[in-house]
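Just below is one structure, and these are the notes that go with it.
Counting starts at 1 for both ligands and their atoms, following the listed order. This one's a predicted model, so the numbers in the text were calculated from it and none came from an experiment. In what follows, residues are counted from 1 in the order of the sequence shown.
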Amino acid sequence: MTLRAGREFLAIPGPTTIPDEVLRAMHRPATDIYSPAMNGMTLQLQADISRLFASSGRTYIYIGNGHGAWEAALTNVLSRGDKVLVLESGLFAAGWGKAAAGLGADVEVLPGDWQRAVRPAEVEARLRADTAGEIKAILVVQVDTASGVVNDIAAIGAAIKAAGHQALFMVDAVAALGCVEFQMDAWGVDVAMSAAQKGLMGPPGLGFVVANARARAVHDTANMRTPYWDWTAREGEQHYQKYAGTPPIHLLWALREALDMIFAEGLPAVFRRHELLAGAVSRAVEIWASGGGLRFSIPDPAQRSRTVTNVVLADGYSADALRAYCSDNCGVVLGVGLGALTGKAFRIAHMGHVNAPMVLGTLSVIEMALAALNIPHGPGGVQAAIRYLADAVPAT
Ligand code: GLV
């Protein structure tokens with residue numbers, strides 16, 4: 001006996017649920033990639049992506065996932081042997097740093113751990129110690145989906161400024177863009193990147209890089225540049241030049257529709273929806289954790305991401321068994337634990353095309369799994385989430 005008939009619900013941190021409108025936007029024949037209309041669509045998409053990042057910089061759209069956009073960002077501004085400082089807070093900044101090392105950068109990691117955000121004061125101290133200005137770039141993620149942490153990009157930007165350091169500030173916003181605020185110009189970010197398959201509700205396959213004027217100037221002398229990722233080549237007038245080849249037109253139609261949905265809801269409303277749904281998940285996990293069988297991966301509530309919540313099970317309990325129960329019996333697919341948390345954690349994504357029934361339904365299935373698997377947990381987590389949302393969304 002299972003209860004999993006109907007559409008499977010994906011609660012993993014990317015790819016996320018693709019809205020039907022976005023799926024339908026791709027259901028059309030290919031068209032002339034050289035037409036002025038298609039070129040115009042790309043120009044508008046670039047402007048709209050810059051708007052999401054709150055940046056006056058230039059946007060480049062790549063056929064690629066986040067790892068592709070990492071490489072695009074690095075190769076356009078670094079030269080071989082450049083020193084790069086990686087601000088560790090889980091898996092992904094470290095992964096970006098590994099890519100930089102593979103491309104020939106000299107990578108130093110400012111160690112963090114999987115239970116907390118990057119400390120801006122430590123960044124400032126390291127930069128002040130770099131009196132020779134050897135560090136050319138600083139890499140950090142806004143949200144690390146493996147640890148579940150959110151880093152304070154504004155505070156890190158302020159720390160770099162306070163140190164008076166000239167390194168480029170480069171931020172991965174893959175698991176945050178379109179869900180939480182990002183203020184590229186105001187926060188002093190020089191290069192930011194993201195991808196389509198998380199908060200932007202699209203199919204995997206598009207990556208974005210935004211560069212401000214300072215980064216664009218560094219690009220002119222960077223020697224890590226390669227033909228496919230190169231910004232200069234992509235600044236050509238022709239539509240195909242903007243993609244170093246055939247434009248991914250179906251993915252562009254999907255992106256257009258997704259951005260239209262986001263702008264129609266309004267960014268403040270989108271951010272507030274994510275805040276409230278994350279708050280509901282937090283309330284439920286807090287109650288469950290009181291039973292001793294599980295805990296948040298990030299103890300400080302202020303450092304928990306509003307796009308994904310990572311839950312670590314106590315020794316002796318299997319996160320994979322819990323995930324399997326939810327998926328096999330109820331059709332709810334939770335994220336696996338990654339890296340240091342493999343097998344020990346599960347992840348509840350609440351990013352992109354999510355609403356109250358999706359989140360409350362997911363929480364209910366998890367609570368059902370905790371009960372069925374006899375994992376000690378405080379009772380009433382879902383009720384606490386409902387109470388929280390009812391208080392936050394009063395009757396008018
Ligand atoms: C990918 O980003 C993931 O967190 O699984």
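Residues Leu373 and Tyr317 are not in side-chain contact: their nearest non-hydrogen atoms beyond the backbone lie 4.5 Å or more apart.
The shortest contact between atom 5 (O) of ligand 1 and any protein heavy atom is with Arg347 NH2, 2.9 Å. Protein heavy atom nearest atom 4 (O) of ligand 1, with residue, atom name and distance: Thr145 OG1, 2.4 Å. The protein non-hydrogen atom at the shortest distance from atom 1 (C) of ligand 1 is Lys198 NZ, 3.2 Å.
Atoms CD and CG, from Gln44 and Leu259 in turn, are 9.5 Å apart once rounded to the nearest 0.5 Å.
Between the side chain of Arg234 and the backbone N or O of Tyr228, at least one donor-acceptor pair lies under 3.5 Å. Under the 3.5 Å distance criterion, the side-chain polar atoms of Asn76 are matched with a main-chain donor or acceptor of Trp229.
For Pro13, the closest heavy-atom approach to ligand 1 falls below 4.0 Å.
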